[in-house]
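Quick caveat: nothing in here was measured; it's all calculated off a predicted structure.
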Amino acid sequence: MPVPEAAENTRAAASAVDRYLGSLGIGVRRLAYGEWGLCLPPGVAGCRELEMSVRIEDGLLAIRAFAAAASEQLPAPLLLHLNRQTRLARVGCSLSGEVWVHAELPVDQLQTSTLDRVLGHVVEAAAAIRELLRARTEGVERWPSPWADGPQRRWD
């Protein structure tokens, strides 16, 4: 019995993602087949570690990163503003108020360069959220947007 094409794509994608993540030189945990956990060190996306997950399911490679706790209370209009500025990644909020960055890629279009680019966008979005939170706690009225070359943006 031949193996369905979707299963072959999933196996090839899981192997490619495993090799790529292993080459990064950061803390990568293999949680299950086609599922990994990453921990980027402080300084990459703010002053604390960035926890991320990468998972292959239903023909998609899904990337999630925890950006901010519910206690940090980011206003919903600000999250929508960030979503209008991001590419390939988007910002979401759980019912409890936690802020997450998400991205998905079809596994049949997965390449190392594409995976690298999308992971970079997820990390940049999480870093922007954390920088915004830092600026708000320090009373700064403007924050630099990593996606805009133009003038500084207001966040309130």
Side-chain angles (χ1 to χ4, degrees), residues 5-72 74 76 78-136 143-150 152-153 155:
E5 185 178 332
E8 289 177 16
N9 287 345
T10 299
R11 275 196 294 270
S15 178
V17 170
D18 200 44
R19 280 191 311 274
Y20 171 78
L21 294 176
S23 73
L24 293 178
I26 58 170
V28 177
R29 303 172 307 282
R30 185 155 190 185
L31 306 173
Y33 178 77
E35 192 169 340
W36 302 264
L38 289 80
C39 185
L40 300 180
V44 173
C47 61
R48 45 182 209 260
E49 295 175 332
L50 179 64
E51 293 286 333
M52 301 175 67
S53 68
V54 177
R55 181 178 183 176
I56 297 175
E57 185 175 31
D58 297 329
L60 291 174
L61 175 80
I63 302 166
R64 310 273 186 271
F66 178 75
S71 62
E72 296 177 288
L74 280 170
L78 177 63
L79 298 178
L80 292 173
H81 174 74
L82 286 172
N83 271 337
R84 286 193 304 268
Q85 296 183 25
T86 58
R87 300 292 178 263
L88 302 176
R90 65 194 175 285
V91 179
C93 186
S94 70
L95 288 176
S96 66
E98 294 175 332
V99 180
W100 293 80
V101 181
H102 309 262
E104 286 87 22
L105 289 170
V107 295
D108 59 351
Q109 298 175 7
L110 186 65
Q111 296 176 359
T112 303
S113 61
T114 308
L115 176 56
D116 187 62
R117 182 176 176 210
V118 172
L119 277 172
H121 281 280
V122 170
V123 171
E124 281 182 350
I129 290 166
R130 290 176 171 188
E131 176 59 25
L132 171 62
L133 287 169
R134 186 192 62 75
R136 290 186 78 199
W143 64 284
S145 171
W147 300 285
D149 294 328
Q152 303 271 318
R153 307 279 189 210
W155 51 262

| note | Minimal heavy-atom distance between Arg130 and Glu49, with the atoms involved, is NH1-O, 3.0 Å
| message | Test of understanding: with salt bridge (charged side-chain N to carboxylate O under 4.0 Å, His left out), list the residues that count as partners of Arg55, not counting sequence neighbours. | response | Glu35, Glu57
| task | Indicate the atoms forming the closest heavy-atom contact of Val122 with Ala103, along with that distance. | result | CG2-CB, 3.7 Å
| CG on Leu50 to CG on Leu38, rounded to 0.5 Å | 9.0 Å
| For the residue pair Ala14 and Trp36, what are the closest heavy atoms and their distance? | O-CZ2, 3.6 Å
| Distance in Å, Ile63 CD1 paired with His102 NE2, rounded so as to fall on 0.5 Å steps | 12.0 Å
| Just how far is it from atom CG of Leu40 to atom CD of Glu51, taken to the nearest 0.5 Å? | 8.5 Å
| said: Under the rule for ring pair (Phe, Tyr, Trp, His ring centres under 6.0 Å), what residues qualify as partners of Trp100, not counting sequence neighbours? | reply: Phe66
| query | Can a donor-acceptor pair be found between the side chains of Ser23 and Arg19 at a distance below 3.5 Å? | reply | no
Sequence neighbours left out, cut at 3.5 Å: what donor-acceptor pairs do the side chains of residues 109-119 make with other protein atoms?
from	atom 1	to	atom 2	distance (Å)
Asp116	OD1	Tyr20	OH	2.5

| request: Find the distance between OG1 (Thr10) and CG (Leu60) and round it off to the nearest 0.5 Å. | output: 9.5 Å
| query | If every non-hydrogen atom of Cys39 is compared with every non-hydrogen atom of Ile26, which pair is closest and at what distance? | reply | O-CB, 4.3 Å
| Closest non-hydrogen atom pair, Met52 against Ala65 | CG-CB, 3.7 Å
| query | Looking at Ala67 and Ile129, what are the two nearest heavy atoms and their distance? | reply | CB-CD1, 3.9 Å
